[in-house]
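Working notes for the structure below.
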Amino acid sequence: MSTQPSLFETEDLPQPEWDSDSWETPDWLAQKMASLVLPSDKIILEPAAGTGQIVKWLPLDVPLTCCEIKSSRSTELIQRNASNHYWNYRAFLYTSDFLGDIVEKLEWANSFALLITNPPFSKALEFIEQGLKCLDREYERARLLYLLPSDFCQSVARYEAFNKLDCHIHHEYKIVNRVAIVTGK
């Protein structure tokens, strides 16, 4: 059995941490999402910031908190993309085994004008539910701006669960051959 000759030496690089929820938002789509930020959105949360793809296109003069649970592989890239914002390397969703996170999240209740993210699709409903708790209900334009599959509410179970939340889909932006951007309050 012969091996393919190599033109140059390569290092054994570690495999990136990836799972089916690790889809990076392309720049063109992150820019489109960022363009939907309103001048009146005074405080923003990116609850699943990943490598900062969306964050790097957001206005620099708006207070922004970025939450990301995976800090090992992408910390350097995240800091380069959006070093001027506050980064919190913790889970956005409440977890029973991480009491400190729960206490911190309670401080976030009713705090943000906008939550903008490409959430892990397998936990999108939980991200919506948690995000609604973080919205500033005094701000009439408070909303979630989430990148979700266009068939997100097509399953009966997910549709029924979504309908139990205190929100509605305000606008859906269709993206041909991609998932859709969904906003709601």
Problem set entry | Test item: Phe92 and Cys134 side chains (from C-beta on) under 4.5 Å apart, heavy atoms | yes
Exercise. Rounded to the nearest 0.5 Å, what separation is found between the OH atom of Tyr159 and the NZ atom of Lys164?
Worked result: 12.5 Å
For this session: Please step through side-chain contact (heavy atoms from CB on, under 4.5 Å) for the pair Leu64 and Cys66, ending with a clear verdict.
Result: CA-CA 6 Å; Leu64 173 67; Cys66 307; 3.8 Å; yes
Exercise. Given side chains that start at C-beta, do those of Leu165 and Leu132 come closer than 4.5 Å, heavy atoms only?
Worked result: yes
Exercise. Considering only heavy atoms from C-beta outward, does the side chain of Leu125 approach that of Glu129 to under 4.5 Å?
Worked result: no
Exercise. So, for Ala113 and Lys42, which heavy atoms are closest and what is the spacing to 0.1 Å?
Worked result: CB-N, 3.9 Å
Exercise. In Å and rounded to the nearest 0.5 Å, what is the CG to CG distance from Leu145 to Leu38?
Worked result: 9.5 Å
Seminar exercise, completed: Of all heavy-atom pairs linking Glu126 and Ser122, the shortest is OE1-O, 4.0 Å
Seminar exercise, completed: Rounded to the nearest 0.5 angstrom, the CD-OG distance for Glu160 and Ser155 is 9.0 Å
Problem set entry | Minimum-distance pair of heavy atoms, taken over all atoms of Leu148 and Ile128 | CD1-CD1, 4.1 Å
Problem set entry | Shared hydrophobic cluster, Trp57 / Leu115 (ILVMFWY, side-chain heavy atoms < 4.5 Å) | no
Exercise. For the side chain of Glu46 and the backbone of Ala48, is there at least one donor-acceptor N/O pair under 3.5 Å apart?
Worked result: yes
For this session: With rounding to the nearest 0.5 Å, note down the distance linking OH in Tyr173 to CG in Leu29.
Result: 12.5 Å
Problem set entry | Atom pair CG/CE of Leu58 and Met33 - distance to nearest 0.5 Å | 9.0 Å
Exercise. Tell me, do Leu114 and Arg143 make a side-chain contact under 4.5 Å, heavy atoms counted?
Worked result: yes
Exercise. Going only through I, L, V, M, F, W and Y residues with side-chain contacts under 4.5 Å, is there a path from Trp28 to Val55?
Worked result: yes
For this session: From the options Leu36, Asp41, Ile44, Leu45, select the one residue that forms a side-chain contact (heavy atoms from CB on, under 4.5 Å) with Ile116.
Result: Ile44
For this session: Output yes when a side-chain donor or acceptor of Tyr146 lies under 3.5 Å from a complementary backbone atom of Phe127, and no otherwise.
Result: yes
For this session: Taking the side chain as every heavy atom from C-beta outward, state whether Cys167 and Phe162 have any pair of such atoms under 4.5 Å apart.
Result: yes
Exercise. Is the shortest heavy-atom distance from the side chain of Leu147 to the side chain of Ile54 under 4.5 Å?
Worked result: no
